[in-house]
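To keep things clear, I will list the structure first and then write my remarks on it.
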Amino acid sequence: MDKAPEVILAKSAGFCPGVQKAIERVRKLVQAGKGSVYTLGPLVHNSQVIACLEADGIHAVASLDEVKGKAGVLVIRAHGIPPELEAEARHQGLAVVDATCPWVKKVHASISKYAQQGFITVIVGDRGHAEVVGLLGYAGKNAFAVDGPEEAERLPILDKVNIVAQTTQEAEVFRKTVAVVRRRGQTVVVSDTICKPSRDRQRETVELAGQVDLMIVVGAKHSANTARLAALCRRLCPNTVAVESDVDVDATAVRTARRIGVTAGASTPDSLVERVLCKVSGLHDDH
Ligand code: SF4
């Protein structure tokens, strides 16, 4: 039998503190018997976790219309929502519990502060992502969302700009976009709002991906931060595979690798990472 490959699990793999806290908070609401608990959008981008929460009486709804006339608690998830949507939820008579991550709240505060002083907001992030939708709500009409330096090149010439990052943004993308915006704005305030857990995860990922010959990124296909993590790994380790679960792990890729790195997006539960690790070691033992 070949020597078993070394498997290194990233310390930062899996749920970030913001997602973890939001999940703990909704579970406490259920335990406290607060009636029906709804979350505006799924708490995490992971169908298995959502199914577990649903079984525990925590229902993800896509819009306020779905809870119209219902009693219960509406939870704002870690991504946050636009202020006018929050006001509407409260107006609807629902008890609102705000589980917006403190790091996202910091971005809201930066945007509000400078928008009140007449600054245009430029958000470096995924336009359709819930967090960015929330940030745009705090920016008012004078805001742009760009996904990176190329889109920023198409911005008009601006007077006063506050540039912020989606909390999970890649540091290098933010840095390059800031350089472009500096050329297009007269007065540019740089609010580097990438959260510490994302920054730590990116740093650790870069270190790990540079040392292995196979990198496995565990997470849902539609999770933006998992996709970003996989793209980051691929630059340093071309042999990077993104898997949704242990079922997707390719036996040949595992058996031919000598050093394997495993990481996971911020919405991936530990149990899923565990299953992938078991599959990886099992594949080699079977060989
Ligand atoms: S990625 Fe960062 S900002 Fe977003 S929920 Fe997690 S800890 Fe909070």
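Just so you know, ligand 1 is whichever comes first in the structure, and atom 1 is the first atom listed for that ligand. It should be emphasised that the depicted structure is a prediction, and the values quoted were computed from it without experimental measurement.
Residues satisfying the ring pair (Phe, Tyr, Trp, His ring centres under 6.0 Å) test with Phe144, not counting sequence neighbours, are none.
Relative ring orientation between His79 and His129 is described as perpendicular, the plane-to-plane angle rising above 60° on a 0-90° scale split at 30° and 60°.
At a cut-off of 2.8 Å, measuring from atom 6 (Fe) of ligand 1, the protein N, O or S atoms that fall short of it are Cys16 SG, waters left aside.
Comment: Asp246 does not engage Lys279 in a salt bridge, judged by the lack of any side-chain N to carboxylate O separation of less than 4.0 angstrom.
By the 4.5 Å heavy-atom criterion applied to side chains, Tyr114 and Val189 are counted as neighbours. Between Ser36 and Val73, every side-chain heavy-atom pair lies at or beyond the 4.5 Å cut-off.
A donor-acceptor pair shorter than 3.5 Å can be found between the side chains of Arg228 and Thr168.
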